[in-house]
Structures are given as structure tokens and as C-alpha cells.
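Remarks on the structure that follows.
In the text below, chain A, chain B and the rest are named by the order of the sequence lines, each starting its count at 1.
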There are 2 protein chains.
Amino acid sequence: MGTMVSAARVKLSDVARDAGVSAATVSRAIAQPGLLSPETLARVRASAQRLGYLPDGAARALASGRSMTIGAIVPTLDSAIFARALQAMQATLAQAGYLLLVASHEASPAAETQAVRALLGRGVDGLMLVGAERAPETTALLRTSGLPVVLTWCGDGHFTAVTIDNAMAGRLAAQHLICLGHRRIGMIVGHLQFNDRQRARLAGARMALEEAGLSLPDSLVVEQALTLAGGRAGCAMLLDLDDRPTALIGGIDLFAIGCLEEAHARGMAVPDELSVVGIDGLDMSAHVSPGLTTVHVPTGRIGNLAAQTLIAMVARRPVERETLLPVELVVRRSSQTLPPH
Amino acid sequence: MGTMVSAARVKLSDVARDAGVSAATVSRAIAQPGLLSPETLARVRASAQRLGYLPDGAARALASGRSMTIGAIVPTLDSAIFARALQAMQATLAQAGYLLLVASHEASPAAETQAVRALLGRGVDGLMLVGAERAPETTALLRTSGLPVVLTWCGDGHFTAVTIDNAMAGRLAAQHLICLGHRRIGMIVGHLQFNDRQRARLAGARMALEEAGLSLPDSLVVEQALTLAGGRAGCAMLLDLDDRPTALIGGIDLFAIGCLEEAHARGMAVPDELSVVGIDGLDMSAHVSPGLTTVHVPTGRIGNLAAQTLIAMVARRPVERETLLPVELVVRRSSQTLPPH
DNA sequence: TCTTCTGATGAAAGCGCTTTCAGTCAACGT
DNA sequence: ACGTTGACTGAAAGCGCTTTCATCAGAAGA
């Protein structure tokens, strides 16, 4: 044996010869076994097995026009949110024989365009994207490609989408705090530039406050990078205000956890001196101290449904234009009634 | 316009015709622009641009034998560790024009075999795997394929690998606690079945204890699912022992964070009544309360290097057989000297 | 002036598979 | 007994691109 230079890979025609059938028959044995007689099928399978035949995906894709691959483009893989959604997608796709091709754009519309181009070129059968906001060029690319596309978290009313009501999430967080008697509420959000989810959450919170005769002035909103440290920094800024808020909403749970930390570092008791509410419902949030009140988002289901929807679209089965998944307030210890002044 | 049935996609021959050159020339304009005269190149590019030409990846892969795709198979995407490594890989790969195809096996060797088969079939140019332990069948598949393969976290001395010294990580954690005066130390590890990283960490910790004249009996080791809840449950089991340990090591940071939580729930002060050390160095660990002492692992670099190594192997450039990345103890507040008895 | 290069381009043969279109053959109906 | 039907299978034409190999100017050398 030793280091043998990779033996020429077994190909379909080898199997055909070995089994004494035509190439067409072997192909059918793989893709439409029902068309073959049991004996032929068994013979072909035996040969394929014995020779260790593995179909060449590129050739199949070229000949059939389907790559059995779905692409997903997310802001980053390094986030509990997208990691969970992708894991769910991947699991669902794998069951259907699809593979997941991933790309990230790090909040850059141009990078997203590039990623779309790359995935389109690679011949994915469908594409999952996050949010509805993107460079017009990207949208044009998507449209002219005619490829099945599913937007997630936010829809645009045109592409198929699996979404949550981000504005409602913001609203629930705010209403909860309002009900507890808070009147001065601050919010930390991600950079709003290329992030419609954060914009919607902010808008929802603001609207809830206004409906209650209150307001969420820009002075009480701070934009931060989507990290725990960003949340902590945002919290610090808000707490340093002359008329500091009595409650804070994190546009993502990570922000809220950062707030918990900053409050702790300052010796401010949560929830006694500061109430904190997040949005996302990370596993982690149930485990921090105090437990984080948050608006839970069914992240895994978004991934599962996006995958299922894409699979259905590839198969030309009808699908919901937009699936809206419910968000839900989960009250824990980080928020409480505003103590009497 | 309206709903136009997807216009036949622009293909290389269309560009060739438009530019008044042969298909070969267009192909060269894409892959080896240096071979063309500046004028021809410009003309072809202009045509391609105008027609919106996007090369067909499947056809390229079939004709050239390279798919410009790298595969990665991890236990799960839904873990801060693998998510970070994959994000790093993806970023590095994207810069080199490669795309990342991901699969997860959820700690099932059979699922891993299947994933390898799927990725091999899809014609990836290289493959990243986690750990060195796997079904013999998988290894055979990998070997006969002759594909560039990089193992991560643990190597097997045969395949190229980007690793960390897991045993050293366990050892550092244990030695730290021993130095603080702890004599009775417990450890929570992931299921050891198909996880050589956890086995090595356990072995390292055990060895450190034995070298100090102590021991880590099986009664003080509990296997748990790799989640925060698993860590908490493991901690509970260990604390319920008659002769409870004074310090706990988490085989992953998540376990250690679970310990913090369980201790908190029981009203046990950390580190006064219980010292806790983790292994991984999650961002989160710096932010929990008390800050978690942990053995930091350069997760992102593992991903970067795995990608770089794979790219080099595809290009037939020589690479290190095994790159061992350093781990480092980061002392925070969760561990302290054992108080006088 | 006549080779000999060199650089730029084209013609054409696949890459390994799918799929249409025919064709074969046994069973069936009348 | 003979056209029909239906179930299988095979021949062959690509899928869209890459890559030899050949060609053909024009530059350089003799």
C-alpha cells in the first residue's frame, strides 16, 4: 500500500461496467430507484458499495441543475443567535439531503452583495438572508436570479420570509417597564445603519412609551457594537446622565447582560435601583444573576422554518409568503416595580 | 416586466459572442487574466459586466476539478466555541475566495461519517474536522479520498492538525487549585464517549493531582451534556456528596458557569466556600459574577489557522504537520485560597 | 531574407452525470 | 395468433466550463 497517489476516483461508468448495466441505469439507481427492477437495483447497489462509489456533486449539479445546497448569509456566525438559527437550519436541511453553505458579512452591505454573488455562482438551490434591508444591487441580483430566497427576522413584504415582530418585542419590553411604574427608560441598540431588526425594536419601544404619554428621547438611546462590552459601555453612558433612567432595555440580551454587569460594578442593585430587560431570550439570560427579564424570540424555529420553507420552494411547493413567529415576555428578577421615590 | 419566467442565465458562450472572442478567452479572462492582452481583457470584462455574467460553479468545478469550497464538520454550530472557530474560518476562507460548507454531527460518529460522505460527494477541496477520534470508516473514507484534511483541537499524529494541549489545559486548571491549597477537587466533563478533548482535559487534571500526591477519583468526576444546565446538574451532584469537594473544574466554561449558578442558588459563596475554574475562555466568562478563572483557548486562531492550512494544502504548499496553540490560565475571582479549615 | 521564438487566441475534447427518447420484451386482451 | 400496453433499460445528447494543443501574427536572431 504505502502512499499511493490517489487512485482515480470511482465513477458512475465504472459502476455501470461492474454491474453490467448502462450508465443511465446506475444514475437511476441513485436518483429514482423505483424505476428499476429489484434485481437490477440490488446488483447496481452491490457494485457501487463494493467499489466505494461516491457520486460527483459537481457533475450532478451541472447535469441536473440542482446542487442540493442551500446558502445562508448572516451578519456573523459568532453570535449565539445566528449560531442557533444556523444549527437548526443545518439539522433540518441535512435530513432532506441538503448541505449548508454559509457566509457572513459583518454588517457590511457590500460584503453581503459579494456573498450573494459568491453563493449564486456556487449554484445554491436557495438562499437564507437576515433582515430586509440591503444594497439595491443585492436585491436586484436576487430577483434576477429567480432563486428561492427566504428572509429571516424581518420581511420586506416581497420576498418570502420567516419573521418575528421586532417592533412588538420592543413594545413588550417597554410596556413591561411602564407597567412597573418606570417613567424614564433608556435603551441600548445595535448600530441602526444596516440593522432593521434593531430599528424596529427601538421603534416599538418608543411607540409603547408614547402611547403611555411618555417618550424615548434620543438622549436615552445609545448605539453600540453588538457585544456584551457594548452593552456595558452603553449602560455606563446612560447611568452617567444627569437624570439617569430607572430602567434599561437592551436591544439584544447581550446588551442587557452588559447592563447587569455595569450596574454590579457600580454597586447598583438590580432590580432595586435599576430594572433591566433584554430581547432575544438567550439560554444564558436565564442563568445570569439576577435572572434577566427578556422578550423571548424563537431563534431555533426561525432556522427550522427557513430551512423547511426553502426546501418547499425548491420543490415548487406553495409556501406562506410570510410566517410571523410569536415573541413572548419572560419575566425574571432583573425588573421590578419602581420603588417609591 | 412583470413575472418573467427566469430569463436563461447568461453563460460563458454568451459573453464570448458579445465580446467577439472564443470561449477559451473568456474563461482565461476569469481565471488567468495575465494571459490576455489588455485590450481583449478589457473587452471581455466589459461584456461580462454588461451582461451580468456569473460563472457557473458546478461547471467550473467539474471542468477544473476544484470547487473552491472547504467543508467543516463540527459537533454543533450552536456553541460559542465552534461558532467562533467557524466564523474565523469563514472570514479567512472568504478572503481567499473559498466558501464554507458546514455540517454538524451532534456527537454521533455515524452522523459524522455521513457528513464526511456528503461533503466528499459535494467535492469540497478540503475538510476541517474536530478532534482525532472517529469511526474507522470515516478515517478510511478520508484517507482514500486523498483530500486535504485538518483536524482541530486534537490531532492524531497522522492527519495535519491545528491543536491545543487539552491535557495541559486540564493540568493548569488543577494545578492552580492545588496551589491554592485545595485537596479535594471535583470535575465536570462532557460525555467522554466521542470526545477526546474532554478526555484529555480530564486526564491532564488527574495527572496534575496525582503528581501532587492527590487524586481525582471517579466519584468526583461527573459526565454531563455540554450545556450550562449540565454544568449546574453536575455541580449539584458533586456538592451533594458526603465529602464534598472544595473546588470544581469545568471541562468547558459553560460547566463552570453552571457551577457558579448552582452555588449561588444554594447560597454558597464563590470563591469563599467553593472555588471554580473553567476551560475555554469564553467572552462570557469574564463577565459572570464572580469573574470565572479559566484556561483560555485561542478558539478564533484555531479557525484562522485551520483555514490557512487548508488553503495551503490545496495549493500544494508545505504545511506544519501539527500546530500546537498555547493555552493560558486566566485568574479571576472565582477561585481563591482554601480558607483555614 | 529566412528561421525561431514568443505571446495571444481559437478549436475541440472532455469533466461525470442526468435525462429524453427509443427500444425490447413479456404479459394481456380479443 | 397479433396488435397493445406497460415495465425496464440503453444510447446519446448535452449541462457550462477548463484546458490541452494547434495556430498565427509579429518580434527577434542569424
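The shortest distance between side-chain heavy atoms of B:Ile302 and B:Trp153 falls below 4.5 Å.
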### Task
Could you give me the CA-CA distance, side-chain angles and deciding distance for B:Glu137 and B:Arg117, then say whether salt bridge (charged side-chain N to carboxylate O under 4.0 Å, His left out) is met?
CA-CA 10 Å; B:Glu137 182 185 359; B:Arg117 213 186 294 277; 2.7 Å; yes
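End-to-end axis angle of the helix from C:dT1-D:dA30 to C:dT30-D:dA1, from C1' rotation axes over five pairs per end: 40° (rounded to 10 degrees).
Residues B:Gln90 and A:Ser104 bring a donor and an acceptor atom of their side chains to less than 3.5 Å of each other. Judged by distance alone, the side chains of B:Thr163 and B:Glu322 do bring a donor and an acceptor atom under 3.5 Å apart. In this structure, a donor-acceptor pair under 3.5 Å is absent between the side chains of A:Gln193 and A:Glu133.
Proximity of A:Ser27 to the phosphate of C:dT18: a side-chain N or O atom is located under 4.0 Å from OP1 or OP2.
Distances were taken from every side-chain heavy atom of B:Leu62 (C-beta onward) to each of D:dC17, D:dT19, C:dG16; the shortest belongs to C:dG16. Side-chain proximity of A:Ala63 to the nucleotides D:dG14, D:dG16, D:dT18 is greatest for D:dG14. Considering only side-chain atoms of B:Ala59, the nucleotide from D:dG16, C:dT19, C:dC17 that sits closest is D:dG16.
A salt bridge is defined here as a Lys NZ or Arg NE, NH1 or NH2 lying under 4.0 Å from an Asp or Glu carboxylate O, and A:Asp14 with A:Lys11 fails to meet this definition.
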Measure all distances between protein nitrogen or oxygen atoms and nitrogen or oxygen atoms of nucleotides 9-11 of chain C, and list the pairs falling under 3.5 Å.
from, atom 1, to, atom 2, distance (Å)
C:dT9, OP1, B:Ser37, OG, 3.1
C:dT9, OP1, B:Thr40, OG1, 2.2
C:dT9, OP2, B:Ser37, N, 3.0
C:dT9, OP2, B:Thr40, OG1, 3.4
C:dG10, OP2, B:Ser22, N, 2.8
C:dG10, OP2, B:Ser22, OG, 3.0
C:dG10, OP2, B:Thr25, OG1, 2.5
C:dG10, N7, B:Arg28, NH2, 2.7
C:dG10, O6, B:Arg28, NH1, 3.4
C:dG10, O6, B:Arg28, NH2, 3.4

